[in-house]
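For the numbers below, each heavy atom of this structure counts, side chains included, while hydrogens, waters and symmetry mates do not.
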Amino acid sequence: MKIATWNVNGVRARLDFIKLWLESRQPDLVGFQELKVADEDFPFDEFRALGFDVEIHAQKGWNGVAILSRQPIAVETRGLPGEEDLGARLITARVGDLSFTTVYVPNGKDTDHDDFPAKLTWLASLANHWQASRSADEAAVLCGDFNVVPQPIDSWRGSAGDGRVFHTPEERAGFTVLTGLGLFDLFREQHPDDPSFSWWDYRGGAFHRGHGLRIDFLLGTASVRDRVREVWIDRDFRKKQDGLTASDHAPVIAELD
DNA sequence: ATGTCGGAATTATTCCGA
């Protein structure tokens, strides 16, 4: 089966582009972030018409996460417990034999902004919630936009980026707590030395200049990691398609046995 | 050039967040 994560940057503005991607890549199970739509305005029928079950946790204007699946979705949790004030950023469901969670981690804005410590707290809450609700021996995926650059190789700035927002020791430590709970970064497991990115700023021609970051991850427990056949970042879908504007994030896809 | 997007608030223009 093919699983994926993708920050779509507005599900309504991106709808035709997303459909092109679904038709082209034929994923089985997908986490979307940044829906930017109220629950009642989400285009459920558009995805159902393509053969997907779909469940969301959303809010008007920004944030919002969704799960699309060819198999039925049984939602377990909407919202990160205790962190609801920071917006609609987590949804967990059971899909077949898999526990599937997708998250949109707060951006943090800058290291001296009030949102920055809130981001660190949110990450710590996510780790606590994961530890309390999952076991390391189950088949579980935690995917999404983490807004953290785990290592210098994941930034176009390399180690020169260390200390900037997304690249701080505190954010990296928050991410390391998650991987310490038995979650493996599936792309990095498969490609230890690949300096690929998943996000490029719309501004300043960042994509064409190679100014990107790898901040979107498919994390999986050991049993998921052992099923991985291939993982890739779908860079082509960061480009315009049929005149349609892309998200500023590329999808990340894994093929599982 | 902090140079682009998407959405909200408000009525085509400005703001906010990313």
Side-chain angles (χ1 to χ4, degrees), chain A residues 5-21 31-44 46-47 56-66 80 83-90 102-123 126 143-150 154-157 160-161 163-168 171 174-175 197-217 233-252:
Chain A
T5 182
W6 190 13
N7 179 323
V8 297
N9 187 23
V11 72
R12 288 172 295 177
R14 204 70 58 221
L15 190 56
D16 290 339
F17 193 98
I18 293 171
K19 285 183 184 175
L20 278 178
W21 180 76
F32 285 151
Q33 305 87 41
E34 275 209 86
L35 304 179
K36 294 187 173 182
V37 66
D39 288 76
E40 60 269 26
D41 295 326
F42 184 88
F44 287 100
E46 301 272 0
F47 295 112
I56 69 170
H57 179 47
Q59 66 184 104
K60 185 177 179 179
W62 57 87
N63 303 325
V65 286
L80 178 57
E83 297 287 347
E84 291 86 353
D85 288 354
L86 273 83
R89 297 177 177 276
L90 176 146
T102 194
V103 295
Y104 177 41
V105 176
N107 179 287
K109 293 195 179 73
D110 211 339
T111 54
D112 59 359
H113 194 283
D114 288 347
D115 286 11
F116 186 74
K119 172 184 190 175
L120 298 178
T121 301
W122 198 96
L123 275 170
L126 175 61
C143 68
D145 175 0
F146 287 77
N147 278 322
V148 176
V149 173
D154 300 308
S155 173
W156 70 274
R157 297 177 184 274
R164 303 175 81 103
V165 73
F166 293 24
H167 308 62
T168 65
E171 291 161 291
F175 185 75
F197 308 130
S198 64
W199 172 84
W200 296 260
D201 201 306
Y202 281 125
R203 294 167 292 186
F207 182 74
H208 295 287
R209 294 164 65 163
H211 291 183
L213 304 174
R214 194 175 71 94
I215 54 177
D216 301 271
F217 310 114
I233 298 172
D234 200 354
R235 194 175 180 282
D236 279 352
F237 275 84
R238 176 59 180 78
K239 303 172 186 170
K240 239 180 227 294
Q241 302 284 334
D242 292 357
L244 300 167
T245 302
S247 170
D248 47 354
H249 295 252
V252 184

Q: Looking at every non-hydrogen atom in both residues, tell me the closest pair between A:Ala58 and A:Leu35 and how far apart they are.
A: CB-CD1, 4.1 Å

Q: Taking for each residue the nucleotide of DNA chain B with the nearest heavy atom, is it A:Asn63 or A:Arg12 whose nucleotide lies nearer the 5' end?
A: A:Arg12

Q: To the nearest Å, how far apart are A:Asn107 CG and B:dC5 C1'?
A: 15 Å

Q: Round to the nearest Å and state the distance from A:Lys60 atom NZ to B:dG7 atom P.
A: 13 Å

Q: To the nearest Å, how far apart are A:Trp199 CH2 and B:dA18 P?
A: 12 Å

Q: Measure across A:Leu213 and A:Ser155 and return the closest heavy-atom pair with its distance rounded to 0.1 Å.
A: CD2-OG, 3.4 Å

Q: Would you check if there is a donor-acceptor pair between the side chains of A:Asp234 and A:Trp6 at a distance under 3.5 Å?
A: no

Q: Rounded to whole angstroms, how far apart are NZ on A:Lys36 and P on B:dC5?
A: 12 Å

Q: Could you state the NZ-C1' distance from A:Lys119 to B:dA18, rounded to the nearest angstrom?
A: 11 Å

Q: Between P on B:dG7 and CG on A:Leu35, what's the gap in Å once rounded to a whole number?
A: 10 Å

Q: Give me the distance, rounded to whole Å, that separates B:dG7 from B:dA12 when you measure between the C1' atoms they each carry.
A: 15 Å

Q: Between A:Asp248 (CG) and B:dT4 (C1'), how many Å, whole number?
A: 9 Å

Q: Would you measure the distance from the P atom in B:dC16 across to the matching atom in B:dT11 and give it in whole Å?
A: 16 Å

Q: Toward the 5' end of DNA chain B, which comes first, A:Lys240 or A:His249, by nearest nucleotide?
A: A:Lys240

Q: Categorize A:Tyr104 for me: base, sugar-phosphate, or nothing, with a 4.0 angstrom heavy-atom threshold over every strand shown.
A: sugar-phosphate

Q: Just checking, is any N or O donor in the side chain of A:Asn9 or A:Lys36 under 3.5 Å from an acceptor N or O on the other one?
A: yes

Q: Given the C1' atoms of B:dG17 and B:dT2, what is the spacing between them in whole Å?
A: 14 Å

Q: If you look at every strand shown and take non-hydrogen atoms under 4.0 Å, does A:Gly204 touch a base, only sugar-phosphate, or nothing?
A: base

Q: Between B:dA1 and B:dT14, how far apart are the two P atoms, rounded to whole Å?
A: 24 Å

Q: Tell me: CD of A:Gln59 to P of B:dG6, nearest whole Å?
A: 19 Å

Q: What integer number of Å spans the P atoms of B:dG6 and B:dT10?
A: 22 Å

Q: Can you confirm whether A:Glu83 sits close enough to A:Thr121 that some side-chain heavy atom of one is under 4.5 Å from a side-chain heavy atom of the other?
A: yes

